[in-house]
Amino acid sequence: MSIIKVKTKLDEYKHRAYSSDINELSGRTNRSDITFFVNNEISKRMDFKPDDVLVDIGCGDGTLLEIAENKGSSCIGILPSEEEVTRVRERFLTKPDLINIEQGLASKTDLPDEVADKVVCNGVFLLLDEEDVNLALKEISRITKPNSLVYIGELCFRDETEGKNYGDSILKWLMWVLLNQGTGEFLSRCKQTLRALFTTEQMLILPKNHYYCTPEEFISRAKSYGLNINEHFPHKSISSNNEVIVSASRQDYIFIKV
Ligand SMILES: C[S@@+](CC[C@H](N)C(=O)[O-])C[C@H]1O[C@@H](n2cnc3c(N)ncnc32)[C@H](O)[C@@H]1O
C-alpha cells in the first residue's frame, strides 16, 4: 500500500516524480490526453518558431518542450526538485542539445537576463503563495527579451476548493467525485485507489489550498513588473469523451514584455 499525505505543493511534485507514469508530473492523473490538448493549445497561441528560445517554467512531463522542439525551437524546462529534473532529463536523453532541463523555481530560475523569446508558465501560479506570485512575475520579466510573449495559464480567479468538504478522507472524496464528476471519473478514481492499495503505485493526499485572484488584479500586478496584457481568455480542457470544456474558474493570460 502506498498512500502518502503531502504537506506542500513542492513535496507533491517531488513524490509524483516516482510514479511509473511520467504524466503524473503534469498533475493530471491518468489524463495525458488533457496534458497534450492543453499544451497544444498553448503552442497554437505562442506560434513557436525555429531559433526561438522557449523557457517553460514548471514544465511538468515536458510535453510542451517536445512540441516546441519539433518546430525547431531551443527549449529550457524548469522544474523545482532534483527528482523531477532527473525524471524529465531521462525522457529527453537523445536530445540534450535541444531540450535542457534545469532545477529552479518560478521565483528563481537562475537563468540569465533576457534569455527567452517565449516564456510559458502553465498550471504553476495557482501553486504559489502570495509572496512568490510577485517574485515569479519579476523573475519572468527579467528572463524575457523585450517585446516577447509570456503565457501564464490556469490561474484561478475563484477558490476551487469551495464545496469540496471531503478533507483528507478518500471515501468522502470518491463520493464527491461520483456526485460532481460522473460515473466515468468515479470509476477511474476507484481504480486509482485500488492500485494504491494493492500495488506499489502511490496515491497522494494533497494540500487543498491554492492561490487565486481576479483578472483585473493579476493584470495590474503583472504590469507593475513590465508585463503588459495582450489577451486573456478562459482556460480550455477536454472531457474523457474528448469534448472541449471551457473552464468556469481558470483563466489564461498572454503578456508582452515591455
Ligand atoms: C500542474 S503542473 C503543470 C505542468 C505543465 N506546465 C503543464 O501544464 O502540463 C505544475 C508544474 O509546476 C511545477 N512547480 C510547482 N511549484 C513550482 C514552483 N514554485 N516553481 C516552478 N515550478 C513549480 C511542478 O513541478 C509541475 O511541473
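All ligand and atom numbering here is 1-based and tracks the order in the structure.
Distance alone, capped at 3.5 Å, places no donor-acceptor pair between the Asn40 side chain and the Phe36 backbone. A distance-only check finds no donor-acceptor pair linking the side chain of Asp52 to the backbone of Leu54 [under 3.5 Å].
Glu24 and Thr29 are linked by a side-chain donor-acceptor pair at a separation below 3.5 angstrom, with hydrogens and angles left out of the test. A side-chain N or O of Thr63 and one of Asp61 form a donor-acceptor pair less than 3.5 Å apart.
Each of Phe218, Tyr211, Tyr253 was scored for a ring pair (Phe, Tyr, Trp, His ring centres under 6.0 Å) with Phe125, with one residue passing: Phe218.
The proximity of Ala106 to ligand 1, defined as any non-hydrogen pair under 4.0 Å, involves the side chain as well as the backbone. The proximity of Leu64 to ligand 1, defined as any non-hydrogen pair under 4.0 Å, does not occur for either the backbone or the side chain. Proximity of Leu10 to ligand 1, defined as any heavy-atom pair under 4.0 Å, is confined to the side chain (atoms from C-beta onward).
Ranking the protein heavy atoms by distance from atom 12 (O) of ligand 1 puts Val124 CG2, 3.4 Å first. Looking only at protein heavy atoms, the nearest one to atom 27 (O) of ligand 1 is Gly60 N, 3.0 Å. Atom 11 (C) of ligand 1 has as its closest protein heavy atom Gly58 O, 3.6 Å. Given atom 25 (O) of ligand 1, the protein heavy atom at minimum distance is Glu84 OE2, 2.4 Å. Counting protein heavy atoms only, atom 3 (C) of ligand 1 is closest to Asn122 O, 3.4 Å. The single protein non-hydrogen atom nearest to atom 14 (N) of ligand 1 is Pro80 CG, 3.8 Å, given as residue, atom name and distance.
Note on Asp110 versus Lys108: salt bridge recorded, some NZ/NE/NH1/NH2 to OD/OE distance being below 4.0 Å. In summary, Arg91 and Glu69 do not engage in a salt bridge, as defined by a charged side-chain N under 4.0 Å from a carboxylate O. Ion pair Arg89/Glu102 flagged as a salt bridge, since at least one NZ, NE, NH1 or NH2 atom sits closer than 4.0 Å to an Asp/Glu carboxylate oxygen.
Residue Leu127 places a heavy atom under 4.0 Å from ligand 1. Arg28 counts as a contact of ligand 1, since one of its heavy atoms falls under 4.0 Å from the ligand.
Judged by the 6.0 Å and 45° rule, Arg16 forms a cation-pi pair with Tyr13.
Ligand 1 places these atoms under 4.0 Å from at least one heavy atom of Leu25: 2 (S), 26 (C), 27 (O). Close approach of ligand 1 to Asn39 (heavy-atom distance below 4.0 Å) involves ligand atoms 7 (C), 9 (O). Under a 4.0 Å criterion applied to the non-hydrogen atoms of Leu79, ligand 1 contributes the atoms 27 (O).
Looking at heavy atoms from C-beta onward, Arg158 lies in side-chain contact with Ser249 at the 4.5 angstrom threshold.
Not one N or O of Ile57 is nearer than 3.5 Å to an N or O of ligand 1, by distance alone.
Between atom 10 (C) of ligand 1 and the options Gly104, Ser26, Gly123, the minimum heavy-atom separation is to Gly123.
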